[in-house]
Amino acid sequence: MDINAALVGQTIIVLAVIFAIVGFYLGKRKTETPLLVSILALFSALMPPIGLIFLMVLALKKDLPSAN
């Protein structure tokens with residue numbers, strides 16, 4: 001079975017975009033720096049298990065208190 005390098009690269013790029021979007025939305029709710037969280041999620045997608053762990057830790061973090 002051959003592994004197509006182009007397919008692997010395209011998959012990583014798609015995962016990076018998805019991780020960055022999810023990281024941004026979670027970062028808005030859970031941190032004060034959503035852009036930094038989004039960038040970290042984007043680069044963590046280069047190694048998908050690390051990216052999934054990053055998003056799981058971010059999802060389990062408590063929300064910021066809402067400003068009333």
Side-chain angles (χ1 to χ4, degrees):
M1 182 169 153
D2 293 335
I3 297 175
N4 190 352
L7 181 62
V8 171
Q10 290 172 349
T11 303
I12 289 176
I13 289 172
V14 168
L15 277 177
V17 170
I18 292 170
F19 282 14
I21 292 170
V22 171
F24 182 75
Y25 285 119
L26 285 174
K28 276 193 342 187
R29 283 192 1 218
K30 308 214 180 241
T31 67
E32 295 178 0
T33 56
L35 188 60
L36 180 62
V37 171
S38 176
I39 291 170
L40 287 173
L42 178 92
F43 285 117
S44 69
L46 297 177
M47 295 178 59
I50 302 290
L52 288 174
I53 292 170
F54 179 77
L55 290 179
M56 284 190 301
V57 168
L58 189 60
L60 293 174
K61 185 177 177 185
K62 289 186 180 185
D63 288 349
L64 290 176
S66 61
N68 289 333

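Bear in mind that the values here come from a model prediction, so they are computed numbers and not experimental data.
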Report the C-alpha distance between Phe19 and Leu42 in whole Å, list the side-chain angles of each, state the deciding distance to 0.1 Å, and finish with yes or no for side chain to side chain contact (heavy atoms under 4.5 Å, CB included).
CA-CA 6 Å; Phe19 282 14; Leu42 178 92; over 6 Å; no

Shortest non-hydrogen contact between Gly27 and Val37, atoms and distance:
CA-CG1, 4.2 Å

Quick check for you: to the nearest 0.5 Å, what is the distance between Ile39 atom CD1 and Ser44 atom OG?
12.0 Å

Closest heavy-atom pair, Ala16 versus Ala45, reported as atoms and distance to 0.1 Å, is CA-CB, 3.4 Å

Only pairs at least two apart or in different chains count here, so list each side-chain hydrogen bond (donor to acceptor under 3.5 Å, both in side chains) that has a residue in residues 30-40.
Lys30-Asp63

Do the side chains of Ile12 and Val17 join up, straight or via other hydrophobic residues, at under 4.5 Å, putting them in one cluster?
no

With sequence neighbours left out, what residues match Ile3 under side-chain contact (heavy atoms from CB on, under 4.5 Å)?
Val8

Any chain of hydrophobic side-chain contacts (each under 4.5 Å) joining Leu35 to Tyr25?
no

Are Ile21 and Leu15 in one and the same hydrophobic cluster, where Ile, Leu, Val, Met, Phe, Trp and Tyr link if side-chain heavy atoms are under 4.5 Å apart?
no

If you group Ile, Leu, Val, Met, Phe, Trp and Tyr by side-chain heavy-atom gaps below 4.5 Å, do Leu36 and Val22 land in one group?
yes

How long is the span from the CG atom in Leu55 to the CG atom in Leu40, to the nearest 0.5 Å?
11.0 Å

Residue pairs involving residues 4-18 (criterion side-chain hydrogen bond (donor to acceptor under 3.5 Å, both in side chains); sequence neighbours excluded):
none

Approximate separation, where rounding is to 0.5 Å, of Leu46 CG and Ile13 CD1:
9.5 Å

Are Ile18 and Phe54 joined in one hydrophobic group, where the rule is that I, L, V, M, F, W and Y side chains link up if heavy atoms are under 4.5 Å apart?
yes

